[in-house]
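Worksheet: one structure, shown below.
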Amino acid sequence: MDDLKNIVPKCIEEDISFGDNIVTSIYKKAEEISNEVVTVNDSNHGRIERKIDNLLTSKIFGYPFMLILLGLVFWITIEGANVPSAMLADLLFGFEAKLTALFTSLNSPAWLHGLLILGIYRTLAWVVSVMLPPMAIFFPLFTLLEDLGYLPRVAFNLDNAFRKSGTHGKQALTMSMGFGCNAAGVIACRIIDSPRERLIAIITNNFVPCNGRFPTLIAISMIFLGLGSASKFSSVFASLSVVAMILIGIVVTLLVSKFLSVTFLKGVPSSFTLELPPYRKPQIGRILIRSLIDRTLFVLGRAVMVAAPAGAVTWLVSNIDIGGISLLAHLSGFLDPVGLLLGLDGIILMAFILGLPANEIVLPILIMAYMSKGAMLELDSLESLRELLIDNGWTFITGLNFMLFSLLHFPCGTTLLTIKKETNSKKWTLFTFVLTTSIAIIATFIINAIATLIGIV
């Protein structure tokens with residue numbers, strides 16, 4: 001017996017598929033016994049389900065179907081969120097005007113109005129108007145796929161890729177949840193039993209863009225990567241561009257997972273035996289409760305909690321002058337040499353730094369800095385944004401590297417707070433911040449260096 005205890009771990013260490021082979025042989029034996037003693041009436045419904053599964057989990061059609069479905073979900077989210085997001089923004093910023101009138105009637109100091117209204121309130125208005133409508137659409141769609149029984153098929157399709165990366169097949173599900181919000185994706189990592197594999201999933205969840213980064217990615221892709229905002233196919237092209245960024249994020253997730261599994265978090269992938277559940281009729285009431293209350297409002301609450309102080313800090317650095325120049329301008333100038341090496345500039349880096357609490361405010365901060373204004377704002381059209389960016393030296397490479405940096409850079413404050421709570425470790429939270437930022441810097445530096453070398457900058 002002692003010899004057996006020594007042999008089994010050695011076999012697992014030498015052959016990564018040893019554990020799977022044991023489980024497979026057990027299931028084969030169970031199937032043989034079942035076939036001998038159990039009689040199953042093969043209904044027409046069962047045959048249809050098997051045919052669907054053969055299609056959705058096949059090596060030929062499984063991945064294309066996932067990409068098409070993902071693109072469709074994002075297109076619905078993008079198209080569906082535009083109108084309610086604009087209405088919510090009009091409502092909240094209309095209320096800002098009333099608050100301003102109230103402060104004026106009370107003869108309050110200008111700095112107090114600027115800090116509370118132009119800083120904190122305006123930031124909260126941006127975060128809520130940008131985050132709430134997409135989440136209110138994306139999370140129910142995602143939960144619907146979960147309730148139908150399709151998400152286990154996604155995990156089945158991606159299981160082999162994640163296992164080759166030294167991680168767990170369930171990471172495919174937690175990664176998918178990150179599309180709505182990376183903080184929610186980090187929380188979803190609880191479904192992974194292995195602490196090592198759960199930690200890898202938590203660290204790499206940030207490499208898929210959340211809905212806070214979607215508007216920025218969509219706007220920049222429409223301006224610099226193709227058809228432009230005037231095209232009737234602009235929303236379709238934006239969806240395809242976001243899907244392309246997502247594919248890059250998935251590849252980076254797999255590569256970084258492999259890197260972690262052979263360096264800082266060594267170990268053998270745990271066995272993942274997935275019994276595909278039957279397709280179910282969705283329960284609309286439960287879907288709405290789980291998606292809107294448990295996910296949307298929960299994530300939005302955390303975002304609001306970290307966005308409020310961010311608004312105050314942003315207003316302060318924009319309005320504190322040193323030698324007649326704002327602190328924001330001084331800091332941007334200091335970071336400019338580093339930004340130029342990455343194909344960006346100092347103002348872009350400052351926008352990402354100040355946007356740490358919430359990705360939604362990166363673009364408004366960028367516009368504010370370029371226009372030398374003292375509060376966050378947004379232009380009234382993509383064409384106006386395009387002219388502003390080009391006037392400030394943006395090129396195709398700037399737009400591409402901005403999108404890549406947005407995709408790969410450090411998690412937002414909400415996600416970092418969630419990582420701290422889920423891992424109960426400041427060390428792994430800081431490690432995640434440093435690792436993701438380093439990857440973003442390396443990727444943009446390489447692209448800018450290549451572009452400079454071949455003369456397309």
Side-chain angles (χ1 to χ4, degrees), residues 65-94 125-148 150-151 154 176-185 208-223 226-246 249 282-301 303-304 358-361 363-364 378 380-382 385 403 406:
F65 185 83
M66 281 194 301
L67 293 177
I68 292 172
L69 187 59
L70 188 62
L72 180 61
V73 168
F74 284 123
W75 179 79
I76 294 173
T77 302
I78 292 168
E79 283 290 286
N82 283 335
V83 174
S85 183
M87 293 174 62
L88 190 56
D90 290 341
L91 174 65
L92 293 175
F93 286 108
W126 273 121
V127 170
V128 173
S129 62
V130 171
M131 281 188 69
L132 183 56
M135 282 197 300
I137 296 173
F138 177 84
F139 279 138
L141 290 175
F142 187 89
T143 309
L144 175 64
L145 295 178
E146 184 181 13
D147 215 44
L148 283 170
Y150 178 67
L151 291 189
V154 173
S176 299
M177 183 62 75
F179 292 139
C181 176
N182 294 129
V208 293
C210 63
N211 63 48
R213 285 178 277 180
F214 287 153
T216 300
L217 293 174
I218 292 165
I220 301 303
S221 68
M222 292 173 69
I223 291 173
L227 301 179
S229 60
S231 171
K232 62 180 179 180
F233 300 109
S234 58
S235 63
V236 174
F237 182 76
S239 301
L240 293 176
S241 299
V242 173
V243 170
M245 282 290 121
I246 288 169
Q283 300 180 18
I284 303 302
R286 188 175 68 175
I287 288 174
L288 292 176
I289 292 174
R290 288 173 58 198
S291 60
L292 297 179
I293 297 178
D294 295 345
R295 292 175 179 173
T296 302
L297 294 182
F298 174 77
V299 172
L300 185 64
V304 166
N359 288 299
E360 294 79 8
I361 63 177
L363 201 54
E378 187 174 76
D380 57 0
S381 70
L382 280 180
L385 177 59
M403 293 176 68
S406 178

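Sequence positions, counted from 1, serve as the residue numbers for this chain.
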Problem set entry | Residues D147, I284; criterion side chain to side chain contact (heavy atoms under 4.5 Å, CB included); working and verdict | CA-CA 9 Å; D147 215 44; I284 303 302; over 6 Å; no
For this session: Using a 4.5 Å cut-off on heavy atoms from C-beta on, say whether the side chain of Y150 contacts that of L144.
Result: no
Problem set entry | Side-chain heavy-atom pair L67, I246 within 4.5 angstrom cut-off | no
In residues 127-143, what donor-acceptor pairs under 3.5 Å come from side-chain atoms, sequence neighbours left out?
from : atom 1 : to   : atom 2 : distance (Å)
S129 : OG     : A125 : O      : 2.8
S129 : OG     : W126 : O      : 3.2
T143 : OG1    : F139 : O      : 2.7
T143 : OG1    : R295 : NH1    : 2.9

For this session: To the nearest 0.5 Å, tell me how far L217 CG sits from L363 CG.
Result: 10.5 Å
For this session: Could you grab the distance from atom CG of N359 to atom OG of S406, nearest 0.5 Å is fine?
Result: 6.0 Å
Exercise. Which atom pair, heavy atoms only, marks the closest approach of R213 to V208?
Worked result: NH2-O, 3.0 Å
